2 protein chains.
Amino acid sequence: MIDTSELPTSIPSLKLKCVAIDTYKENVAYLHRNCGLYRSEGFQALSKIEIHTANSTQPVIAVLNVVDDASITDIDELGLSEQVYEQLGIPEGSEVFINHATPPESLKSVHKKIAGEKLDYQQYLHIIQDIVNNRYSKIETAAFIVGCAETGMERDEILHLTHAMVDTGERIDWGEDLVCDKHCIGGIPGNRTTMLLVPIIAAHGMLMPKTSSRAITSPAGTADTMEVLANVDLSLRRLHEIVSQQRAFLAWGGTAKLAPADDVLISVERPLSMDSTGQMIASILSKKIAAGATHLLIDIPIGPSAKVHTHMEALKLRKLFEYVGDNMGLHLEVVITDGSQPIGRGIGPVLETQDVMKILGNEPNAPIDLKEKALQLAGRIIEFDPDVRGGQGYAVARDILESGRALTKMNAIINAQGRNNTPIQVGKLQYDICAEDTGIVKAIDNLKIASIARLAGAPMDKGAGIYLHKKVGDKVKKGEALFTIYAEFNADFTFAKNAALLDNSYQIDKL
Amino acid sequence: MIDTSELPTSIPSLKLKCVAIDTYKENVAYLHRNCGLYRSEGFQALSKIEIHTANSTQPVIAVLNVVDDASITDIDELGLSEQVYEQLGIPEGSEVFINHATPPESLKSVHKKIAGEKLDYQQYLHIIQDIVNNRYSKIETAAFIVGCAETGMERDEILHLTHAMVDTGERIDWGEDLVCDKHCIGGIPGNRTTMLLVPIIAAHGMLMPKTSSRAITSPAGTADTMEVLANVDLSLRRLHEIVSQQRAFLAWGGTAKLAPADDVLISVERPLSMDSTGQMIASILSKKIAAGATHLLIDIPIGPSAKVHTHMEALKLRKLFEYVGDNMGLHLEVVITDGSQPIGRGIGPVLETQDVMKILGNEPNAPIDLKEKALQLAGRIIEFDPDVRGGQGYAVARDILESGRALTKMNAIINAQGRNNTPIQVGKLQYDICAEDTGIVKAIDNLKIASIARLAGAPMDKGAGIYLHKKVGDKVKKGEALFTIYAEFNADFTFAKNAALLDNSYQIDKL
C-alpha cells in the first residue's frame with residue numbers, strides 16, 4: 001500500500017548496532033523505549049518490523065523487544081540480535097530505516113490450512129520461502145506446524161511440502177546414478193548402525209556419502225559419535241575429494257544449506273514436542289534428496305518405547321514414505337525392525353564408538369545384536385546394486401565385515417576425514433546401577449535409559465553415557481550391575497544417579 | 001523424576017541480573033555462552049529453564065537466549081528480562097539456581113486439542129493456570145490458540161474456557177444485583193457509543209462501572225478517547241468511590257487482574273491475526289464477568305468491511321454468546337446493527353471526543369447516526385431495569401439525553417475521575433482528501449479508513465485521525481473534500497497522505 005521506495009527519504013534513520021544475543025532461529029530487533037520512532041510510530045513489543053538499508057532491495061524482518069538500558073540499545077540506535085545482524089551484512093553505525101512489517105502474504109495459506117483446507121505446491125512453496133527468508137516469527141512458524149499436525153496433511157500435501165523444502169535450498173550432485181543413504185526413525189539408544197553400514201557399503205564399491213545430524217533429543221547422533229574418531233566438520237569441496245577416493249564419508253550435514261527450512265521448523269517443533277507424521281516425512285526426505293541420495297533405506301523400529309509403537313502404524317508410515325519417495329524419483333525401501341530395547345551395549349558417543357570398533361575388529365565381546373542389525377540393513381542396501389542377486393546382500397555384507405575389509409575401509413575414511421589422534425576416554429566418574437531382585441530382564445525403557453544418559457552429559461561430554469551389562473532375556477542376580485553410568489562432571493553425575501535410582505528403566509520378572 | 005528439593009545444594013548458583021529488555025508477555029532469561037552451566041548442562045537457545053531461589057517453592061519458567069557480551073550478562077550471572085525479574089521479586093546479585101524445565105503437564109491437553117479431542121473444564125483450567133503463571137512460551141501459547149481455532153471448539157468448550165479464564169483472575173463485586181455493561185464486536189471506526197451510553201444509563205440511576213480497553217489494532221479505544229477528557233488510570237478503591245457517588249465511570253481496565261490469561265492470549269493472537277470465535281467469546285465474556293457485570297448488551301455490527309460480514313454469521317455468534325452467557329449466570333442480550341460504514345464523523349481520540357460532546361450538548365451539527373445508535377443501545381440497557389416497560393427504553397434514553405441530564409452526568413463523571421484541564425487539540429498538520437469525480441458515496445471501507453487514521457498517528461497521538469465530511473448516500477462534487485487527515489508529526493502525516501492518495505477507501509458512483 002505504501003511506496004516503500006520513498007521510505008529512506010521520508011522517515012528518520014537509526015544507527016545500526018549488533019546486540020550480542022543469540023536468539024537462535026528468530027530474528028529479534030531492539031529499540032529503546034524513548035526512541036522517537038518507537039513512540040510516534042506506535043511500535044509495540046512483539047510487533048514485527050521491516051529493516052531497510054540505503055541500498056537494500058528486500059527488507060529484513062524482525063520481532064521487536066523494547067529496551068530500557070541505553071548501553072544495550074541507545075535511543076538513536078536499532079539493535080539487532082546476532083543472526084539478524086549477519087543477515088543485513090553491513091557494519092555497525094550504518095544508517096537503517098524501520099517500518100511496520102506487513103504480515104507475509106503466505107500467512108493466508110497458513111490460516112487456510114488451520115481451517116482444514118488442502119494446500120497446493122505453490123502455497124507450500126511460498127510458506128517455506130518465507131520461513132527460509134526469516135519472514136516468519138516463531139509463533140507464525142508454530143501456527144504452521146500445528147495447522148499441519150495430526151490428520152491435517154493429505155499425502156499429496158506431504159509431497160508438496162517435501163518438494164518445497166528441497167526447492168528452497170541447495171542440492172548436492174555426486175555425479176553418479178546410484179547414491180546410497182539410510183535413515184532410522186530414531187528413538188532407540190545405542191543404535192549406531194550407520195557407522196558399520198558406511199564402511200561395508202563403501203568396501204563393496206557403492207557410493208555412500210553420509211551426512212548425519214548431531215543429537216537433538218537423544219544421547220548421541222551419528223555425527224557426535226563419529227567425531228570421537230575423526231573430524232566431521234568438512235567443506236563440501238573436501239567431501240567431494242574424500243568420496244572420489246573412498247566412495248564414502250561420515251560427516252556432519254550442518255554446513256551445506258540442504259533443505260534449510262527444516263532447521264527452522266525443528267527449532268519450533270522440538271520445544272513444542274510436536275512431531276507430526278507429515279512434517280517428519282518431509283523433513284527426512286527433503287534432507288536426503290538435497291544431499292544427493294538416489295537410493296534410500298528407511299529403518300522403522302517398533303516397540304512400546306520406540307517412536308512407532310505398532311506394526312500397523314509402521315505400515316501406514318511405510319506407505320507414506322513410499323508414496324512421497326516414488327513421486328520424488330527416489331528409490332526407497334523400508335525395513336521394519338525390533339525397537340523393543342536399546343541396540344548394542346554403549347549409549348553415548350565414546351561408548352557407542354567402542355561397540356562399533358569391536359564389531360569392525362571382529363572382537364569376541366562385540367555386541368551381537370548391533371552387528372546382526374547392521375548386516376541386515378547393509379544387505380538391503382547392497383541389493384540396490386543391480387549386479388547383486390535378490391537375497392544375497394546379507395552374505396556379501398557379512399563377508400566384507402568378517403574378512404576385515406570393512407575395518408580397513410573405516411580406517412581409510414577416518415584418515416581421509418582427519419583422525420582424532422588423542423582419542424576421548426569414557427567419563428572418569430562411574431557408578432553401577434544394580435538389580436534389586438533376582439530374575440529375568442523383561443524390558444528396558446528406551447526413553448528412560450536415554451534420559452539418564454543425557455543427564456550424565458551425553459552427547460555434550462563425549463565420554464558420558466551408559467554401558468548396559470544386561471539386556472532383555474538375561475538372567476540377573478540381586479545386587480548385580482544392570483548398567484554403569486559414566487560422567488565427566490559432578491553435577492551431571494548426581495543428576496543421572498538420582499534419576500536412575502528413582503527409576504532405572506529396567507523391568508525384571510522375579511524368578 | 002528428579003528431586004528438585006536437592007537442587008540448591010547439588011548444582012552451582014548464578015548471580016541474578018535484571019536485563020533491561022521488555023519481552024512483553026514472554027519470560028526470557030539470558031545466559032552467557034561461556035557460562036560453565038550452559039556448557040555442561042547442554043542448555044540450548046530456546047530451551048526452557050526453571051529458575052529457583054534459595055526460598056522459592058515454585059520455580060519461575062523462562063525461555064533461554066544466549067549472550068556473547070559480558071556487559072549484558074556475565075559468565076557467572078543469570079540475566080532476566082524485566083517481567084521475569086519482577087516475578088522473582090528478589091534483588092540483583094541474589095543467588096539463583098537453574099535447571100532444565102519439564103514441559104507443563106497441561107501441554108498434553110493442548111496436544112489432545114490439536115488432535116481434535118474435546119477438552120473438559122479441568123483441562124482448560126490447567127492450561128489457563130499455566131498460561132497465567134507464565135509457564136507457557138509464546139510458541140506453546142500459539143499451539144493452544146491454533147488448536148482451538150476455527151471449527152475446533154464445541155460450545156461447551158467455549159463455556160469451559162470462559163469459566164477457566166474467570167477462575168484464574170480476580171473478580172470485582174459491586175455489591176448490587178444489576179450491574180450493566182456493553183460490548184461491541186469492534187471494527188467500526190468512530191463508533192464511540194460507550195461514552196454516550198454510560199452517562200445516559202447512570203443518569204437513569206442504573207449502575208454502569210465501565211472498564212474499557214485501549215486500542216490494539218483500531219485508531220481509538222474507549223479508554224484512549226475518554227483520556228482526552230479525564231484521567232482513566234484509577235485504582236480499584238477510587239473506582240468504588242466514584243461508583244458510589246456517580247453510579248458509573250469510564251476507566252481503563254488494565255490495572256485490575258481481571259481474566260489475566262486474556263492479555264497473554266491476545267499478545268499471541270494479534271501478531272498471528274488469529275481471532276477464532278471460541279477464543280473471542282471467552283475473551284469478551286470472561287472480562288465482563290470478572291469486572292462484575294450481571295447484565296450485558298452485545299453489539300454485533302455487520303457489513304462487508306466489519307468483523308462480521310453476514311446476518312447469518314451474526315446469528316450464529318448470537319447463539320453462542322447466549323449459550324455461554326446463560327450458563328455463566330449472565331443476563332445477556334445481543335443487538336445486530338449496521339456496520340457498513342464508520343459511525344459519526346471523527347476517527348481518533350480527540351475527533352471522536354468532539355462528536356460525543358456535540359451529541360451530549362445537543363448541538364445542531366452533532367452526528368445523527370452516532371446519536372441514534374447510542375439511543376437505541378441505551379434503550380436496550382435501560383430495559384434491563386425491571387421498572388421500565390418493554391419498548392420504552394429508547395424514549396427514556398432520549399429524554400435523558402435531550403434534557404441535558406446526560407451532559408450533566410458526564411461532567412460529574414469527568415470531574416470525579418479528574419478533569420484534563422488542558423484539553424488536547426486536533427493535530428496541527430491537516431490535509432483534505434478530495435473526490436476525483438462527481439457522484440454519490442456508495443461505500444466507505446472501514447478497514448482502509450481505520451488504517452489511514454492509524455498511520456496519521458491515532459491513537460498514540462490523541463489529536464491525530466480523520467474527520468469525515470461525506471458519508472454513504474451523500475452527494476459529492478469533483479474536488480470537494482471527502483475527509484480531512486489530522487496529524488502531529490511529519491513522518492506520520494506523509495505516511496497517511498500517501499496511503500489515502502493511493503486508496504481513499506471511498507467508493508463513489510458517478511452521476
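Keep in mind that this is a model prediction, so the values were computed, not measured. Lettering follows sequence order; numbering is per chain, from 1.
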Taking every heavy-atom pair that is under 4.5 Å apart, which of L272(B), D69(B), I72(B), V67(B) has the most such pairs with chain A? L272(B)
Within the supplied structure, the quantity of interest is the number of heavy atoms (other residues, nucleotides, ligands) at a distance under 6.0 Å from E313(A) CD; does it exceed 12? yes
Does atom CD of E105(B) have more than 12 heavy-atom neighbours from other groups under 6.0 Å away? no
Do you know which of G147(A), A20(A), S71(A) has the most heavy-atom pairs with chain B at a distance under 4.5 angstrom? A20(A)
Are the side chains of N134(B) and Q83(B) in touch, meaning some heavy atoms are under 4.5 Å apart? yes
Output all residues satisfying side chain to side chain donor-acceptor pair (under 3.5 Å) with Y486(B), sequence neighbours left out; order by chain, then residue number. none
Using the test salt bridge (charged side-chain N to carboxylate O under 4.0 Å, His left out), find all partners of D263(B) that sit at least two apart in sequence or belong to another chain. K287(B)
What part of E488(A) is in contact with chain B, defined as an atom under 4.5 angstrom from a non-hydrogen atom: side chain, backbone, both or neither? neither
So, the part of A142(A) with a heavy atom under 4.5 Å from chain B: the answer is side chain
Assert top hit (heavy-atom pairs under 4.5 Å, partner chain A, pool V110(B), V28(B), I21(B)) equals I21(B)
